[in-house]
Peer 1: 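Have a look at this one before I ask anything.
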Amino acid sequence: MTIAEVRPPATEPFLLPERPPRLGPVSRRLLLRLVAILLSMQIIGAWLTFGVATDRARAAGLSLTFPAGGFLFAGLPGLFVVTMALLALAVIVWWGASAHFAIPLVWLSSVVVAALLVHGPKLFVAENTTWPWTIAAVYALAIGCVALAVTRVERRYQAKLAKVPELNDYLRTAVAPTPLALQRPADPMDVELLRWCYAIAFQPADGLDGLDWGEQFHSGTQLRYQLNALCWALSMYAVNFVPNAPAQVEAALSKLIEKHTDLRVWGYWRTLNLLGNFDPNPDPIVRDNIMFSAFLGDVLNIFEAATGSTRFDRPGSLTFVWKDGRTFEYDHHSIAAAVENNFQRSKLGFFPCEPGWSFTVCNIMGAQSLRGHDTIHGTSAWDRVQPRFAQTLDNEYYTPDGSYAHIRSSHVGLSWDTGEVPGGHYFAQGSNRFADILPGHAKRAAALDRRSAAKVGELSKLVNDGRLELELPLELERHRAGRSALGKWNGIIGGAKMLADEKLHAAAIDASARQCATGERWPSAPLKAGVPAMGGNMILRWSNPVTTAQLNVRGYRAPQGPVLDVAPRDHLLVVEARSPDGISLELRVEPMDAPLESVGFAFRQLAAGATYADADGVAHYQAPVLGPTTLEVRPS
Amino acid sequence: MDDRAATVNAAVRGRRLWSLVVTVVVVGTLPYLFGHRGVHAVRSMLVPGAGLYDHRHAWLGAMFTLAAIAATVCWLRWGMDWLVCAVVVASMAAAAALAYTNGAAHPGGQVPVAFAAHEFPLVVLVMGVVSGARVAWSRSPIGRWQAARSWATGTATLSMVDRCRAASITALAAGHPEPVTFDMGALTARCRRVGIAARGRCTGDPLRVDHAHVRTTLLLAGQLNERSIAQFRVDAAHALTGVPSSEPGWTRLLDGTLAACALHRDGDEVVGARWSAAMRGPFALRHAHRPGQLWNPLALRGPRATTWEHATATGLARAVCWLHDDADWRALRTRVLAAAARGNRVAEDERLVAAGRIWLTLVDDEQASRILRRVTIGRDGIAVALDSLATALQADPDLLAHVTNPHVTHAHAHAHPTTGNVPTLRSTRRTP
C-alpha cells in the first residue's frame with residue numbers, strides 16, 4: 001500500500017505541521033468512494049428526471065437526487081415527512097447500532113415507493129397530480145445539503161489551521177513541569193472507596209450489584225467500562241498503597257476481571273456484529289469490538305504488572321459462554337494476539353469498536369494493551385503495529401490544531417461529533433494519554449492540554465490551609481440518569497496533576513469528597529455519582545506516585561521488604577502496607593465491618609534470622625483490630 | 001445390553017406392537033363393517049372430531065377436538081387416560097351416527113379411506129405443538145423476562161409435586177431421614193383427588209398405589225410405616241419399569257429415579273437393576289434426549305424430559321452406577337453451560353446448573369466446573385436441594401450407593417416376571 005506523504009511517523013512530532021492535508025490517504029479513498037456512489041446516483045437521477053422524463057421516472061429520479069424527493073414531485077408531502085423521520089431514525093441506528101444498511105435502505109426504498117405511488121391515491125389532490133415545480137426544489141435541497149456540509153467542514157478546518165502558528169509558538173517555549181510524585185496516605189474516603197470496591201469484587205461470582213445498570217451499546221452504563229475502571233483503580237491501589245500486602249487486592253482484582261466473562265457484560269456484541277457485519281458469531285474478542293478486547297487486554301496488563309499474578313495467562317482462564325452453550329476460550333496472550341490480528345488486517349490502520357466505527361480512544365487502548373503485554377511477556381507485538389498505528393493517527397485522524405478526531409467510519413471515511421467528547425476531538429486519550437506508546441505525541445499533547453487547563457490553575461489561589469472551600473454545580477452524568485459534581489471535580493484533580501500543582505491536587509481531592517460523600521456503603525455508593533465518575537475519581541486518587549502509563553512501561557516489580565502474607569480477607573481491610581527501607585513494614589488495617597478481637601497475621605520476606613522473624617524470614621502475630629489500626633513490623 | 005434390559009425392551013415392544021395391531025385392525029375393519037359411517041368413525045379416531053368436519057355438524061367436530069385436547073392435558077398431568085378414550089369413542093360414535101348414509105351423497109364426493117395409523121393419536125401431536133409453543137414462548141426474551149419477574153424465592157411457590165421432589169433430593173443429600181415440613185394434609189388431598197379423577201379410587205389409603213413422588217418423599221423422610229414401605233416395594237416390583245407410577249399410568253423419569261434411589265437406600269437390592277434396565281430401554285437416550293415420562297399400559301414415550309430433569313435423573317443414576325457411561329453428560333453439557341451463561345434468573349436454568357454440578361462430581365471437566373461455579377444457587381427450592389446434593393456428593397462420592405436398611409427381605413421383588421437374580425449394583429461408580 002502506498003501512503004501519500006503527510007508527515008513521517010516521527011516519534012517526536014513536537015511542533016504542528018503548517019499545512020496538514022484535510023484527509024489522510026485511506027480516509028480520502030473511502031470518501032472518494034462515497035462521493036463516486038453519490039455522484040452515480042445523481043447522474044442516474046438526472047437521467048431519469050430529464051432524460052426518461054415520465055412521471056414515474058421523475059419520481060424515482062428525484063428520490064435518487066435527494067431522499068424522498070420523488071414524494072414531493074408525486075404530490076405526497078406526507079410521505080416526504082415520514083421518510084425524513086425514517087432517515088433520522090436510520091442515522092440514529094447507523095451510529096447507535098452499526099446498522100450501516102439503514103440509510104441506503106430508507107433512501108432506496110423512497111426511490112421504489114415514489115415510483116410506485118406517483119399515480120396512486122392521494123389526499124386532497126387527484127390521483128394523477130404531479131408537482132413539476134418541486135424538481136427545482138429537490139435539486140436546491142440536495143445542493144444546499146452538500147454545500148452546508150462542505151462549508152462546515154472547511155470552516156472548521158480553516159479555523160484550526162489558523163491556530164497553528166500561535167500553537168507552534170507556544171510549543172517552542174512550553175516547559176513541562178516536573179510531574180507530581182506524591183505518596184498520599186489513604187484518607188477516610190480512600191478507605192470507603194476501597195471497601196466499596198472489595199464489596200463489589202467479593203460478592204457472588206454472578207453478582208453485579210453496585211454497578212450502574214442500563215443499555216450496553218453507547219450510554220454511560222456499559223458494565224464493561226465500569227469493571228475496567230474498577231480494575232485500573234484497584235491495580236493502582238495495589239501498587240501505590242499496598243505493595244507489601246498484595247494477596248487481598250489480587251483476589252479482588254481476579255474476581256473483577258472474571259466478571260468480564262459474565263454474559264451481561266459482553267452479550268451486546270452479538271447484536272452489533274449481526275447488524276453491522278452480518279456476522280452471527282457472538283465471540284467478543286475475535287473480530288472488531290476493540291472497546292472490549294483491548295480494554296480487557298489493558299486491564300490484564302495492569303493487573304499483572306501490579307500484582308505479579310499470572311492466573312490469566314493460563315489457556316482458557318477467561319472463557320466466554322454464549323447463551324446457547326458455545327464457549328470461547330481466551331487468556332492474556334490470546335487476547336493480545338486477537339488485538340494484533342485486528343490491527344494487522346485493518347485497512348484504515350485502526351480497527352472498529354462497533355462494526356464500521358473506529359474510535360481513536362479505543363485504538364489507543366489497543367496499542368496500550370499490546371505495549372503492556374510486550375513489557376510483561378517480552379513479546380514484540382507493539383513494535384510490529386506501532387509504525388502503522390502512528391501513520392494512521394497522524395495521517396487519518398489528525399486535525400490541524402494537534403487534536404485527533406474521536407471517531408471515523410471505516411466504511412465511508414467520515415468523522416463527526418458524537419457528543420461523547422467536547423467538539424469530537426482531543427489531544428490525547430486512553431488511560432495513559434500516549435505516555436507509554438508514543439512518548440513524543442504524549443509530550444506535545446500534554447503541552448497542549450496544559451494550555452487548555454491553565455484556567456484550572458487559577459483555583460489554586462482559593463486554597464487556604466489545604467482546603468478548597470468550593471462546591472461545584474451538579475451536571476448530568478453521561479448516562480443521563482443522575483446529576484453529580486464528581487465529573488467536574490475529576491477534571492480539576494486531573495488538571496491540577498497535569499499542572500503539577502500539588503496544593504490544588506490535594507485540596508481538590510479533599511473538597512470533592514466533602515461535596516460528594518454519601519456516608520453509605522455497598523450496595524449504595526460512597527460518592528454521589530455514577531460508577532464511571534467514581535472509577536475516574538479512584539484512578540486519579542490512587543495513581544500516585546506510579547501511574548498506569550509507568551506501570552505499563554516498567555511491568556511487575558516484586559515488593560521489597562516484609563510482605564503481609566495471610567490475613568482474614570473477608571473481615572480485615574488492608575489500607576496501607578509499605579516498606580520504606582526494605583526491612584520494616586508499615587501497616588494500616590481496619591475491620592471490614594465489625595471490630596475484630598483477634599486477628600492472625602502472617603508475614604514473609606522478613607530479614608531472616610533478625611529478632612522479628614524465624615530463619616526463613618517468616619513470622620506470625622496476633623493482634624486485635626477494633627478500628628483503624630496502624631502496625632509497624634521491624635526488628636526490635 | 002444385559003438380560004434385564006432385553007426383557008424390559010421385549011415387554012415394551014410387545015405392548016407397542018399390540019397397540020399398533022389393534023389400531024390397524026380397527027382402522028382397517030370399521031369401514032368394511034360400517035361402510036361410509038365407518039370411514040367417518042376412523043377419521044374421528046385418528047383426530048377426534050375430524051369425522052364431522054365436512055358435515056353439517058362441523059362445530060360439533062371442533063368441540064370434540066377441543067375436548068380431546070383438554071382430555072389429553074388431563075391425561076398427561078393426572079393420568080386420566082379413560083377420559084381420552086371416552087372422548088375418542090364418543091367422537092367416533094357421533095361421527096358414525098351423523099354421517100351421510102350414502103358416501104356418494106357426500107357434499108365433497110367420495111372420501112378416500114386412509115389406511116394409516118400411528119402410535120399416537122393426532123391429539124398428542126396437537127399437545128406436542130402446544131407444549132412446543134409453550135417452551136418457545138418461555139425461551140423468548142419476553143417469556144424469560146416474565147418468568148424471571150414472576151419467580152419467587154424458596155419452595156413456598158413450588159407446586160406440591162415439586163416440593164416433594166425438593167424434599168426427596170434434600171433427604172438424599174442429607175444421607176438420613178429428614179422430616180418433611182410442608183402440609184401433609186394438602187399433599188394427601190391432592191393424591192386423593194388424582195386417584196378419584198384417574199381411577200375412581202374414592203376410599204382407602206390414597207397412597208396405596210402410584211404417586212411415586214409422594215411416597216418417595218415420605219420414605220426418605222422416614223414417614224412411611226412398614227406396611228406402606230412393603231406396599232411401595234410390591235408396587236415397584238410389579239411395574240414395567242421397576243418403579244411405581246407417579247400419576248396413574250405414567251412413570252416419570254425424575255420421579256422414577258428418585259423412587260429407585262429411595263428404595264435402594266432402604267435396602268431394595270433389585271430396584272437399581274430394574275430401573276437401570278428401564279433407563280437403557282424405554283427411557284433410553286435418543287438424539288441427546290430422554291423421554292420425560294412413559295405411559296405404561298402401551299409403553300408410549302411421552303414428551304422429552306426438561307433438561308434439568310434429564311440432568312438430575314441421569315446424574316443420580318450415574319452416581320449410583322445405574323448408568324455406566326457419560327453419554328448423558330456429553331449430550332447435556334452444552335445445554336448446561338448455556339444455562340450457566342444465562343444465569344439464575346429463570347428457575348429452569350438454576351436447576352439445570354445445580355444438576356450440572358451433580359454431574360461434575362462424576363466427570364472430569366475442569367472448564368465446565370469453572371463456568372458452573374460462577375452461578376449463585378439460592379432462589380429456587382429444587383435448585384437449592386440439587387446444589388446441596390452436589391456438595392454432598394463431592395464430599396462423599398458413594399453417598400447414594402449407601403444402604404441404610406440392608407437386611408430387608410425382598411420376597412415381593414421376585415414376583416415380577418422381569419426380575420431375576422441380578423447382582424446388586426453398588427459402589428461401582430465410574431465403571432468404564
Side-chain angles (χ1 to χ4, degrees), chain A residues 199-211 213-216 223 227 251 254-271 274 280-285 292 311-332 334 523, chain B residues 135-136 138-145 147-148 153 288-289 307-308 310-311 328-350 352-357 359-360 364-380 383-384 387:
Chain A
I200 289 182
F202 291 128
Q203 64 183 309
D206 54 354
L208 295 170
D209 294 349
L211 302 181
W213 181 249
E215 69 91 12
Q216 298 298 309
L223 293 166
L227 289 171
S254 302
K255 297 276 185 192
L256 288 173
I257 290 171
E258 280 169 0
K259 286 184 190 295
H260 283 80
T261 61
D262 191 301
L263 190 59
R264 288 166 290 179
V265 177
W266 62 274
Y268 69 91
W269 173 244
R270 205 249 184 177
T271 305
L274 191 63
N281 185 3
D283 185 336
I285 303 292
F292 186 79
R311 71 165 72 199
F312 295 110
D313 290 347
R314 283 203 313 272
S317 49
L318 288 165
T319 300
F320 300 89
V321 188
W322 183 238
K323 54 180 117 175
D324 61 3
R326 270 180 288 172
T327 55
F328 307 102
E329 290 189 51
Y330 286 95
D331 54 59
H332 191 186
S334 54
Chain B
V135 170
S138 69
R139 287 178 181 170
S140 70
I142 300 173
R144 295 182 67 80
W145 173 78
T153 304
H289 293 274
T307 311
W308 77 267
H310 179 177
D328 283 279
W329 174 244
R330 289 193 292 277
L332 289 163
R333 186 178 185 276
T334 305
R335 284 178 269 163
V336 173
L337 295 187
R342 292 190 295 262
N344 63 3
R345 289 180 291 281
V346 176
E348 275 68 23
D349 285 341
E350 194 181 17
L352 182 51
V353 170
R357 287 181 182 173
W359 263 106
L360 287 175
D364 187 15
D365 191 334
E366 197 265 339
Q367 187 196 48
S369 214
R370 268 189 290 117
I371 292 167
L372 263 58
R373 264 203 309 269
R374 295 178 193 166
V375 183
T376 304
I377 305 291
R379 293 178 67 183
D380 177 70
V384 171
D387 195 45

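Proteins come first, then strands; the chains are lettered A, B, ... in the order of their sequence lines, and each starts at number 1. Only heavy atoms go into these numbers, but all of them, side chains included; no hydrogens, no water, no symmetry mates. As the structure is a computational prediction, the values presented were derived from the model and not from experiment.
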Peer 1: Within this structure, what is the CG-CZ distance for the pair A:Asp324 and B:Arg342, rounded to the nearest 0.5 Å?
Peer 2: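 Spacing of CG (A:Asp324) from CZ (B:Arg342) equals 9.0 Å.
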Peer 1: Which atoms form the tightest heavy-atom contact between A:Gly325 and B:Ala338, and what is the distance?
Peer 2: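 A:Gly325 and B:Ala338 have their closest heavy atoms at N-CB, 3.2 Å.
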Peer 1: Does any backbone or side-chain atom of A:Glu258 lie under 4.5 Å from a heavy atom of chain B? Answer side chain, backbone, both or neither.
Peer 2: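 No part of it gets close to chain B.
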Peer 1: Enter the distance from A:Lys323:NZ to B:Asp349:CG here, rounded to the nearest 0.5 Å.
Peer 2: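 Here the interatomic distance stands at 11.5 Å.
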Peer 1: Relative to chain B, which segment of A:Thr261 carries a heavy atom at a distance below 4.5 Å: side chain, backbone, both, or neither?
Peer 2: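 Both parts, heavy atoms under 4.5 Å.
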Peer 1: Pick whichever of B:Arg335, B:Glu366, B:Arg370, B:Arg333 has the most heavy-atom pairs under 4.5 Å with chain A.
Peer 2: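 The option with the most such pairs is B:Arg370.
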Peer 1: Nearest 0.5 angstrom please: B:Arg374 CZ to A:Thr319 OG1, how far?
Peer 2: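 Here the interatomic distance stands at 6.5 Å.
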Peer 1: Identify the two heavy atoms, one from A:Pro204 and one from B:Thr376, that lie closest to each other, and give their separation to 0.1 Å.
Peer 2: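 Scanning both residues, the minimum pair turns out to be CB-OG1, 3.0 Å.
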